[in-house]
Trainee: 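Structure incoming, see below.
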Amino acid sequence: MTEREAFQQQVREQVQAAEHMVQDSFHLWSTLALSTTEMSFNLAEQSLRSSQEILSIYHRMYSDGVKTWQSYLSTFGETVQRATRAASNGTPRR
């Protein structure tokens, strides 16, 4: 092998080594990007689930509060009606 052929062979080997390094680097970056994207979507999904659960709890609490007030107002209204009827009939209140 002549000096020129040896030089060309050495250059080919260095280019191939550089190509492998670039391919490996690209593979690592694409894996990193995929992993990061997957993790981001998982976190977003968990956040949405948590928000949905919190809203469900809030809705339940709000509904229970409304039902409690409706019951209270109904009972209060009945008490007022009884007192009003008793006062108009002249019977003593309970």
Side-chain angles (χ1 to χ4, degrees):
M1 190 181 296
T2 66
E3 188 177 313
R4 183 175 183 187
E5 290 173 340
F7 177 75
Q8 288 176 341
Q9 181 63 28
Q10 185 180 12
V11 169
R12 273 191 224 106
E13 289 172 0
Q14 288 177 354
V15 168
Q16 285 179 347
E19 285 175 353
H20 288 299
M21 287 174 48
V22 168
Q23 287 175 352
D24 291 345
S25 176
F26 180 76
H27 178 71
L28 288 173
W29 277 107
S30 65
T31 302
L32 177 66
L34 179 64
S35 299
T36 303
T37 304
E38 184 178 353
M39 187 179 83
S40 297
F41 280 123
N42 287 339
L43 288 174
E45 182 182 10
Q46 288 175 353
S47 176
L48 287 173
R49 281 190 184 144
S50 296
S51 296
Q52 186 177 15
E53 289 173 9
I54 289 170
L55 285 175
S56 175
I57 291 169
Y58 173 77
H59 177 69
R60 221 175 309 127
M61 287 173 49
Y62 178 81
S63 296
D64 290 347
V66 168
K67 289 176 187 173
T68 301
W69 273 104
Q70 286 174 339
S71 174
Y72 169 77
L73 291 175
S74 175
T75 304
F76 182 77
E78 290 171 3
T79 304
V80 169
Q81 284 179 355
R82 268 190 270 134
T84 305
R85 272 190 246 129
S88 65
N89 293 339
T91 58
R93 289 185 276 177
R94 291 185 204 171

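What you see below is based on every heavy atom in this structure, not just the backbone, and it leaves out hydrogens, waters and symmetry mates.
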Trainee: State, yes or no, whether a side-chain contact exists between Q52 and L55 at a heavy-atom distance under 4.5 Å.
Mentor: no
Trainee: Side chains of residues 7-17: which donor-acceptor partners sit under 3.5 Å, not counting sequence neighbours?
Mentor:
{"unit_1": "Q9", "atom_1": "OE1", "unit_2": "R12", "atom_2": "NH1", "d": "3.0"}
{"unit_1": "Q9", "atom_1": "NE2", "unit_2": "E13", "atom_2": "OE2", "d": "3.2"}

Trainee: Side chain to side chain contact (heavy atoms under 4.5 Å, CB included) for S56 and R60? Distances and angles first, verdict last.
Mentor: CA-CA 6 Å; S56 175; R60 221 175 309 127; 3.5 Å; yes
Trainee: Measuring from I57:CD1 to M61:CE, what's the distance to the nearest 0.5 Å?
Mentor: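 Answer for the CD1-CE pair, I57 versus M61, is 8.5 Å.
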Trainee: Measuring from atom CD of Q46 to atom OG of S50, what distance do you get when rounded to the nearest 0.5 angstrom?
Mentor: 7.0 Å
Trainee: Can any side-chain N or O of S51 pair as donor or acceptor with the backbone N or O of S47 at less than 3.5 Å?
Mentor: yes
Trainee: Rounded to the nearest 0.5 Å, what's the gap from CD on E38 to CG on L43? Could you check?
Mentor: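 Result: 11.0 Å between the selected atoms.
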Trainee: Give a yes or no on whether V80 and L73 share a hydrophobic cluster (residues Ile, Leu, Val, Met, Phe, Trp, Tyr; joining criterion: side-chain heavy atoms under 4.5 Å apart).
Mentor: yes
Trainee: Any side-chain to backbone donor/acceptor pair from S30 onto H27? Under 3.5 Å, distance only.
Mentor: yes
Trainee: Is there a donor-acceptor pair closer than 3.5 Å between any side-chain N or O of S74 and the backbone N or O of Q70?
Mentor: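 The answer is no, because no donor-acceptor pair under 3.5 Å joins these two groups.
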Trainee: Return yes if some donor-acceptor pair links the side-chain N/O of T36 with the main-chain N/O of L32 below 3.5 Å, else return no.
Mentor: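 Such a contact is found between T36 side chain and L32 backbone.
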Trainee: Working to the nearest 0.5 angstrom, can you tell me the gap between S25 OG and H20 NE2?
Mentor: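 NE2 of H20 is found 14.5 Å from OG of S25.
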Trainee: Please tell me whether W29 and F26 form a close aromatic pair, meaning their ring centres lie under 6.0 Å apart.
Mentor: no
Trainee: Quick one: list whatever passes side chain to side chain donor-acceptor pair (under 3.5 Å) with E53, sequence neighbours left out.
Mentor: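 Partners of E53 by the side chain to side chain donor-acceptor pair (under 3.5 Å) criterion come out as none, since no residue qualifies.
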Trainee: Tell me whether the rings of Y72 and W69 are parallel (<30°), tilted (30 to 60°) or perpendicular (>60°).
Mentor: perpendicular
Trainee: Applying a strict under-4.5 Å side-chain criterion to I, L, V, M, F, W and Y, I'd like to know whether Y58 and V66 cluster together.
Mentor: yes
